[in-house]
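Letters go in sequence order (proteins before strands), and every chain restarts at 1.
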Amino acid sequence: MKLFSSYNRILAIITLTGLIVIGFLFYQTLGQYIDKQIDDHLYEELLEVRDFTHVKNILPSPDGFDDVIVDYKKINKLSDKRKYFADTTFYNPKKKHDESARYLKTALILNRQPYEVMIMASKFERQEQIKSIILIILLPVIILLLILWLVNRILIKRMWLPFRQLLINIKAFNINQEKVFEPVQTNIEEFRELNNAVLEVSLKVKSDYKEIKLFTENASHEMMTPLAVINSKLDTMLQSNTLGKEESEILADLYKATSKLTKLNQSLLLLVKIDNDQLQDKEEIDLKALIEEKISYFHELIQKRELQVETKISVFSVFANRSLIEILINNLFSNAIRHNNDGGSMMVTIKNDSLIFSNTGSRTGLHPQKIFERFYKDNASDGTGLGLAILKQVCLKQNYELSYNYNKEYHQFIINFKSSENKSQLIML
Amino acid sequence: MKFLIVEDEESLRNSINQYLTVEGNICDHASTYEQGYQKLSIYDYDCILLDLTLPDGEGLQLLKYLKKINKADGVLIISARNSLDQKIEGLSLGADDYLIKPFHLSELYARVQSIVRRRHFNGNSIFHFNEIEIDTTAKETKVNGKPIYLTRKEFELLLYFVVNKNKVISKAAAVVHIWGDDADMADSFDFIYTHIKNVRKKLTDSGCKDYFHSVYGVGYKFTDS
């Protein structure tokens with residue numbers, strides 16, 4: 001639930017119960033007040049009746065008054081002189097329906113005879129009055145509350161605006177991009193504090209990340225010279241005339257390990273370089289020509305594994321850095337060749353702004369996300385485990401959409417070159 | 001040929017020295033900027049192997065100095081930094097080539113010879129190895145005067161072996177020379193065998209002696225002894 005609706009819900013419950021309770025109490029008080037007024041009036045009428053009989057020595061006729069009904073009943077003995085006030089209903093013959101009324105009942109001596117007198121007055125008009133009064137008071141209160149609620153809503157929406165912007169900016173913050181976290185301008189202190197906290201964290205994260213990258217870069221560079229020494233020593237040993245079969249095999253293994261280490265180092269450096277956006281110069285690259293060039297470049301490897309290569313390429317060009325695109329294509333090719341079966345097949349397709357590499361290989365699909373993680377590789381792989389991570393990093397930097405799927409025994413890597421443009425256009429709209 | 005190795009890492013310097021000192025080549029070496037500065041001021045070299053990070057200075061400064069005193073020595077930069085900017089700067093300052101550490105000595109030697117060839121023969125150089133004749137300009141190979149057809153990679157491979165004749169070249173070095181560092185080929189050393197087999201066959205088919213000698217699965221040697 002949103003903060004606003006949660007707040008609103010509580011507010012609505014409280015106002016509604018408050019309104020009901022206050023309305024009820026108000027109604028009661030008002031009713032009592034009105035009753036009191038009627039009672040006073042009835043008492044006055046009683047006095048009038050007494051005076052009337054005292055002067056004229058006859059009882060006034062029951063309908064001799066305008067607004068009250070008087071009823072007499074002879075009684076034997078005047079025992080209880082108390083006055084009783086109570087509510088009742090009576091049939092109004094003029095209006096032809098029951099009306100609620102108030103009566104005063106008491107015993108009294110009229111013309112030296114004890115009588116029970118009941119004076120009754122209709123409450124109808126008074127009740128109407130109460131209704132009007134309550135309406136007059138409650139209606140503006142309700143309207144006021146509605147206005148308050150509306151104003152609240154607008155105000156809160158406006159006040160939370162910086163928060164929303166903050167959220168958008170936090171979501172847009174990417175550690176891999178040069179752009180720093182964009183602080184939101186606001187006068188509200190809480191948001192300003194949040195803003196500053198996020199800004200601080202983002203700067204810290206950025207600098208830490210930068211440090212890690214720098215460390216990776218320096219460490220990899222420092223390893224290059226010792227690697228050069230190992231390589232040169234191996235080359236020197238290889239020249240020895242006394243090299244036997246056993247030593248040669250050891251040397252071969254050492255060569256393999258050294259080249260793997262070298263490759264690993266180069267890949268790490270390349271990742272840092274891509275991260276740092278050091279490959280900037282962009283140009284128009286004819287992808288069709290590049291792929292054809294790469295097929296001949298990988299020709300011997302393809303031949304050795306007896307792979308069938310099929311291409312369905314239309315003329316297509318991308319505007320990008322040449323090194324990056326070459327790395328992309330190289331990695332896709334070495335991937336499709338290395339993880340293929342001998343005598344298998346691979347297919348390179350360009351359609352709908354997408355480059356698709358499909359190849360046969362293991363009979364089960366791979367994990368569509370994990371394969372792009374650094375140093376993830378299946379047991380059969382002899383690579384560095386960085387090839388696909390580099391691929392992903394290049395795509396990420398260039399805003400290409402990279403995906404993998406396994407379809408009818410074909411492993412497919414799809415790069416959509418145009419996805420980013422469409423998306424950014426949509427956002428702008 | 002006379003070379004100067006400016007490199008602070010002693011063991012690497014020694015290995016290079018050992019590998020290059022063949023066929024009457026002479027190697028001189030310097031481990032610091034200062035030593036390098038003195039040696040290249042006094043002597044002339046066919047090629048200077050220049051490390052960029054020296055304990056007491058920048059290799060690029062030596063290169064600038066060399067150009068300032070108008071020396072025509074060839075320069076091959078060897079650096080651990082694979083930075084495009086540095087590469088461009090080095091080449092624009094007059095270096096002939098740029099080799100990134102780690103490298104194979106056979107590759108280093110091939111690059112050095114290529115520099116010397118370019119400088120002394122204007123690149124127009126024909127290699128002879130017994131009955132084989134290789135024209136590096138026209139990219140043509142002849143056996144006993146008769147041209148044979150080699151693909152681009154096969155030609156590069158043969159040239160690489162001829163330049164490094166009498167040396168054992170590891171499969172790893174051959175792979176890097178032909179395919180470069182871009183492709184991740186660490187697990188495919190063995191396919192260089194197919195490649196060499198093809199070159200071998202083309203040579204022997206045209207009456208050439210088989211000079212390729214396998215060294216127990218680790219590499220090959222091109223020699224007539």
Parallel, tilted or perpendicular: which fits the ring planes of A:F316 and A:F417, with parallel below 30° and perpendicular above 60°?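 Answer is tilted, since the angle falls between 30° and 60°.
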Angle between ring planes, B:F161 versus B:F212, binned at 30° and 60°: parallel, tilted or perpendicular?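 Ring orientation of B:F161 relative to B:F212: perpendicular.
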Pick whichever of [options] has the most heavy-atom pairs under 4.5 Å with chain B.
| options | value |
| --- | --- |
| A:S220, A:G244, A:S323 | A:G244 |
| A:S240, A:S248, A:S296 | A:S248 |
| A:N265, A:L234, A:I230, A:T236 | A:T236 |
| A:T262, A:T225, A:L251 | A:T225 |

Side chain, backbone, both or neither: which part of [X] has an atom under 4.5 Å from a heavy atom of chain A?
| X | value |
| --- | --- |
| B:T194 | side chain |
| B:I100 | neither |
| B:K171 | neither |
| B:H104 | both |

Going by heavy atoms in the side chains, are A:Q393 and A:R374 under 4.5 Å from each other?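 The answer is yes; the side chains approach within 4.5 Å.
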Chain A: which of B:V176, B:L12, B:V168 shares the most heavy-atom pairs with it under 4.5 Å?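 Most pairs with chain A among the choices: B:V168.
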Can you tell which part of [X] gets under 4.5 Å to a heavy atom of chain B, answering side chain, backbone, both or neither?
| X | value |
| --- | --- |
| A:L227 | both |
| A:N241 | side chain |
| A:K304 | side chain |

More than 12 heavy atoms of other residues, nucleotides or ligands under 6.0 Å from CE of A:M347: is that the case?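 Counting other residues, nucleotides and ligands, CE of A:M347 exceeds 12 neighbours.
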Residues in side-chain contact (heavy atoms from CB on, under 4.5 Å) with A:E247, at least two apart?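 So A:E247 forms a side-chain contact (heavy atoms from CB on, under 4.5 Å) with A:L243.
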Taking the six-membered ring for Trp, are the ring centroids of B:Y160 and B:F222 within less than 6.0 Å of each other?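 No, too far apart.
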Ring centre gap for B:Y220 and B:Y193 strictly below 6.0 Å: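 When the ring centroids of B:Y220 and B:Y193 are compared, they turn out to be at least 6.0 Å apart.
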For B:D96, which residues count as a salt bridge (charged side-chain N to carboxylate O under 4.0 Å, His left out) partner, sequence neighbours excluded?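 B:D96 satisfies salt bridge (charged side-chain N to carboxylate O under 4.0 Å, His left out) with B:R119 once adjacent residues are dropped.
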